[in-house]
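Have a look at the structure below before the remarks.
Lettering follows sequence order; numbering is per chain, from 1.
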Protein chains: 2
Amino acid sequence: MDATTEALQDDAGTFPHLDRDTSNCSIARTLEVVGEKWTILILREVWYGSSRFSEFERVLGCPRNLLAARLKMLVEEGILATETYQEPGSRSRPKYVITPKGADLVPAVMGLLQWGDRYRADPEGPAMLSRHRGCGAHVDAQIRCDQGHAVQPEDIESIPGPAFRLRPAE
Amino acid sequence: MDATTEALQDDAGTFPHLDRDTSNCSIARTLEVVGEKWTILILREVWYGSSRFSEFERVLGCPRNLLAARLKMLVEEGILATETYQEPGSRSRPKYVITPKGADLVPAVMGLLQWGDRYRADPEGPAMLSRHRGCGAHVDAQIRCDQGHAVQPEDIESIPGPAFRLRPAE
DNA sequence: CCTCTGAGTTTACTTTTCCATACTCAGCTA
DNA sequence: TAGCTGAGTATGGAAAAGTAAACTCAGAGG
């Protein structure tokens with residue numbers, strides 16, 4: 001940890017957050033990849049079991065050109081990978097499967113899912129439920145610290161990290 | 001639980017997911033609220049300490065009309081609430097604070113944050129770090145079941161819920 | 001060789017969203 | 001009552017997304 005970072009961290013809570021350079025924000029960078037329309041919904045369908053172009057098209061009702069563009073981007077980003085499948089009597093064709101990098105998006109998507117379940121579900125409840133395979137208990141996304149404590153949003157402290165930078169003067 | 005849902009749940013894993021009605025998906029509904037550009041970044045700035053219109057504008061560099069529209073929507077949705085502040089010598093003006101409903105989005109945003117930290121951070125690391133106030137340990141979003149087990153993405157089983165519907169025939 | 005099928009690509013058009021800038025408005029001070 | 005400031009609103013053009021339909025392409029089967 002360099003001296004600048006150290007100094008800023010000592011000042012945690014009162015660091016100059018309004019003057020920081022926000023171009024290297026991890027939230028913004030994740031949204032550059034998954035923030036476009038259809039992208040997260042494609043991933044949702046992957047974990048519900050779809051893998052073929054025609055399946056995504058059918059269940060999402062999304063334009064083919066956008067679907068092709070999003071799938072291509074997800075493969076280029078390493079979130080999906082292509083494999084091949086072959087129906088009897090047909091030639092082999094590509095299908096899309098999740099990679100470990102893609103699976104690491106699950107906590108974020110679970111977070112969106114459970115917020116929608118809580119605040120925007122139909123009166124009778126959610127359309128889909130998630131449970132732990134085997135134990136069968138309901139699962140959800142939650143925040144924990146490395147000591148194993150459950151953490152409430154108001155007990156999260158955000159402090160400058162190693163790549164913290166101030167905005168260049170205008 | 002009605003008979004249809006029961007039947008579908010017995011069939012978990014092989015339910016007709018390609019024929020389901022996806023219009024009541026909780027992920028899609030959450031994205032209707034927070035999926036537009038700037039919305040999540042506004043919330044990020046709220047937990048980093050901003051509350052005033054001019055602060056959001058300055059740190060985000062977002063167009064004023066979009067900022068006004070997003071703030072208005074977030075207040076209408078109950079994610080932010082307005083309070084007033086008054087600088088000495090100035091009239092009172094509105095500021096924006098997070099509500100409990102807004103705080104419930106933290107797991108989703110933490111999920112996006114940690115994915116970006118892992119895969120898209122600068123070589124030296126993240127721009128910001130999150131720690132548990134008091135204990136000081138690093139915090140992250142993770143998936144757990146109600147039995148307290150940590151759950152890996154591949155051990156999540158998605159099954160039809162009470163609002164599961166098949167798509168109307170075409 | 002012809003046809004069929006899934007997986008795209010291409011094109012043309014409409015609609016929505018985004019962006020930059022100019023303008024307005026309310027109240028506090030001079 | 002004129003000017004200043006923070007918080008917006010209005011507007012016009014650019015970019016992205018959505019829609020629909022035609023077109024391509026690579027094999028398997030006939």
Hey, quick one: are A/Y85 and A/F56 part of the same hydrophobic cluster, counting side-chain heavy atoms closer than 4.5 Å, chains of contacts allowed?
-> no
How does protein reach along nucleotides 5-17 of chain D, written 5' to 3' as B (base within reach of a heavy atom under 4.0 Å), S (only sugar-phosphate), or - (no contact)?
-> BBBBBBB-----S
Separation of C/dA20 C1' from B/E57 CD (nearest whole Å) | 11 Å
Dump the intermediate steps for salt bridge (Lys or Arg N to Asp or Glu O under 4.0 Å) on B/R120 and A/E32, then the final yes or no.
-> CA-CA 10 Å; B/R120 311 216 101 209; A/E32 284 169 18; 3.7 Å; yes
Interface residues of residues 24-32 of chain A with DNA chain D (non-hydrogen, below 4.0 angstrom) = none
Salt-bridge test for A/R118 and B/D104: reply yes if a basic N is under 4.0 Å from a carboxylate O, no otherwise.
-> yes
With sequence neighbours left out, the residues meeting side-chain contact (heavy atoms from CB on, under 4.5 Å) with B/R91 are B/R93
Who are the ring pair (Phe, Tyr, Trp, His ring centres under 6.0 Å) partners of A/Y119, not counting sequence neighbours?
-> A/W115
Can you tell me the distance, in whole Å, between the CG atom of B/L67 and the C1' atom of C/dT21?
-> 16 Å
Residue pair B/S130 / B/H138, side-chain donor-acceptor N/O under 3.5 Å | no
Pairs meeting criterion salt bridge (charged side-chain N to carboxylate O under 4.0 Å, His left out) with involvement of residues 19-30 of chain A, two or more places apart | A/D19-A/R167, A/D19-B/R58, A/R20-B/E45, A/D21-A/R165, A/R29-B/D122
State which residues pass side-chain contact (heavy atoms from CB on, under 4.5 Å) with A/Q147; sequence neighbours excluded, sorted by chain then number.
-> A/C145, A/H149, B/C135, B/A137
